[in-house]
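A short worksheet on the structure shown next.
When a ligand or atom number is given, it counts from 1 through the structure's own listing order.
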Amino acid sequence: MFTLEFFTGTEMTDIKKTQHEEWSSRFAFILAATGSAVGLGNIWKFPYITGENGGGAFVLVYVLCVALIGIPIMMAETLLGRRSRQNPVNTMVLLTEEAQADKNWHYLGWMGITAGFLILSYYSVIAGWASAYVLKAFFGSFFSADAIEIKGIFYDFIASPIQLIFWHTLFMVSTMWIVAQGVSNGLEKSVRFLMPGLCLLLILLVAYAMTTSGYFQGLNFLFRPDFSKLTPGSVLTAMGQAFFTLSLGMGSVMVYGSYLPKSVSIAKASIIIASADTIVALLAGIIIFPIVFTHNLHPDSGPGLIFQTLPIAFGSMTGGWLFGILFFVMLVFAALTSSIALIEPAVAWLVEGKGLTRKKACIWSGLATWLLGFGTIFSFNNWSTFKIFDRSIFELLDYLTANLMLPIGGFCIAVFAGWIMKPHHSEEELNLPKPSHHLWKILVCYVAPLAVFLVFLHVIGIL
Ligand code: PHE
């Protein structure tokens with residue numbers, strides 16, 4: 001262990017540089033970052049907001065947002081992490097010193113860690129639902145059930161705090177156990193196993209969807225743009241989803257970037273990760289919408305789309321028992337590789353900033369997240385009438401993080417990398433040919449911050 005000291009004006013910043021681990025290869029980083037990106041956002045959220053926003057035209061805007069805003073900001077976030085090779089809090093301290101910028105930039109790291117912790121507290125509860133549905137599918141709970149019965153199963157389930165606590169606990173323990181094993185043992189080994197499994201399951205389910213009578217109707221809905229259905233609101237929703245789905249704006253990408261060897265091209269890796277994430281979201285749509293149309297379900301059923309309507313399909317289709325199990329197993333896998341990324345910034349900070357062992361850091365951050373999760377659990381039952389600013393605890397956490405903290409974080413990351421950092425430092429990290437670097441500069445200095453600003457205005461209700 002050695003110490004780096006930075007002198008700034010009257011104050012001295014003393015950051016202990018612990019031995020920071022590294023991914024074993026570019027492939028390992030890509031797998032892990034793709035695992036972080038692909039989660040409930042792709043498989044649960046993307047289909048239902050696509051359903052609510054009219055299909056094809058929304059999908060087109062979403063893909064454009066990923067390409068024009070998501071990829072440049074992902075490159076920016078990765079380069080910040082790799083330059084400092086530290087957790088997000090230390091990253092912002094070090095890079096602020098390096099750029100001789102205002103100390104308020106330090107808060108960006110803190111906000112990221114806080115956002116990850118808050119998101120995981122509810123993410124784990126929803127992932128717990130998916131875990132419970134694996135068992136429900138296994139025991140044939142959906143067999144021959146109609147829409148009302150399926151709805152009943154869902155509401156009975158979320159009305160039971162004990163059941164939700166059990167599944168939330170199980171999911172949190174699994175997440176923290178993986179994170180405790182460390183970067184190469186825990187994160188890397190788990191995604192090496194989880195990501196290929198996820199791909200296999202997706203392909204199997206797409207093959208199933210191709211045999212359904214609603215297949216072409218589903219494809220039409222997803223890929224034929226009807227611009228009359230596009231409102232300014234849905235354009236902005238598509239942009240917000242691009243952020244959440246790529247795990248941008250809260251330090252996950254930064255901390256994964258900090259484990260990235262210097263030899264790896266950040267631009268290439270970001271393009272691969274964003275493409276893989278988009279493909280998974282589209283595949284999820286290709287699986288879900290044909291089933292929705294085959295069974296005359298409604299694409300705009302909202303957040304309950306998966307839990308309240310897909311089981312109807314699984315309960316009545318040939319092979320539905322097996323496909324139902326596979327689908328929810330896939331959802332749990334996808335959530336697990338995202339949740340380890342949500343907590344890694346906090347764990348890395350506790351280890352590097354507070355000197356805790358990795359195991360202890362996992363126990364404390366896991367315990368705190370687990371406890372906070374009770375707020376979400378009770379907001380579906382015992383405390384369902386308790387509202388703050390007209391929102392349940394779950395809705396408030398979701399709003400605070402996805403709608404406020406991620407867009408603000410992304411905006412600040414773009415501004416920091418594009419305007420504050422010394423240009424030759426970002427050039428050095430990205431190591432791109434001149435025209436490509438110029439393109440990135442335009443996107444990260446102008447296009448991305450402006451677009452995020454619009455998202456922000458939208459979520460706070462000004463636009
Ligand atoms: N991208 C994840 C998903 O789509 C969610 C996530 C957000 C994960 C932020 C890490 C950080 O489900």
Atoms in ligand 1 flagged as close to [X], the criterion being non-hydrogen separation under 4.0 Å:
| X | answer |
| --- | --- |
| S252 | 10 (C), 11 (C) |
| T245 | 1 (N), 4 (O) |
| G41 | 3 (C), 4 (O), 12 (O) |
| N42 | 4 (O) |
| S36 | 1 (N), 2 (C), 8 (C) |
| L40 | 12 (O) |

> Can you find a side-chain donor-acceptor pair between S392 and W383 that sits under 3.5 Å?
Replying inline: no
> Can T401 and Y122 be counted as having a side-chain donor-acceptor contact under 3.5 angstrom?
Replying inline: yes
> Does the N or O separation between L248 and ligand 1 drop below 3.5 Å for any pair?
Replying inline: no
> Just heavy atoms, cut-off under 4.0 Å: does K45 contact ligand 1 by side chain, backbone, both, or neither?
Replying inline: neither
> Which is it for A37 and ligand 1 at heavy atoms under 4.0 Å: side chain, backbone, both or neither?
Replying inline: backbone
>> Just to verify, what does L201 make a side chain to side chain contact (heavy atoms under 4.5 Å, CB included) with, not counting sequence neighbours?
In response: L326, V329, M330
> So, does Y123 sit close enough to ligand 1 that a heavy atom of it is under 4.0 Å from the ligand?
Replying inline: yes
> How close does the nearest protein non-hydrogen atom get to atom 7 (C) of ligand 1, and which residue and atom is it?
Replying inline: F244 O, 3.6 Å
>> Among all the protein's non-hydrogen atoms, which is closest to atom 10 (C) of ligand 1, and how far away is it?
In response: S247 OG, 3.3 Å
> Would F29 and T78 satisfy side chain to side chain contact (heavy atoms under 4.5 Å, CB included), going step by step from the backbone distance to the final call?
Replying inline: CA-CA 11 Å; F29 166 74; T78 313; 4.1 Å; yes
>> Any carboxylate oxygen within less than 4.0 angstrom of a Lys/Arg side-chain nitrogen, looking at R358 and E344?
In response: yes
>> Please identify which of these residues, F380, F394, Y123, meets the ring pair (Phe, Tyr, Trp, His ring centres under 6.0 Å) condition with W129.
In response: F380
>> Please identify which of these residues, F327, F142, W167, meets the ring pair (Phe, Tyr, Trp, His ring centres under 6.0 Å) condition with Y133.
In response: F142
>> Taking the six-membered ring of F244 as reference, does the cationic atom of K45 (NZ for Lys, CZ for Arg) lie under 6.0 Å from its centre and within 45° of its axis?
In response: yes
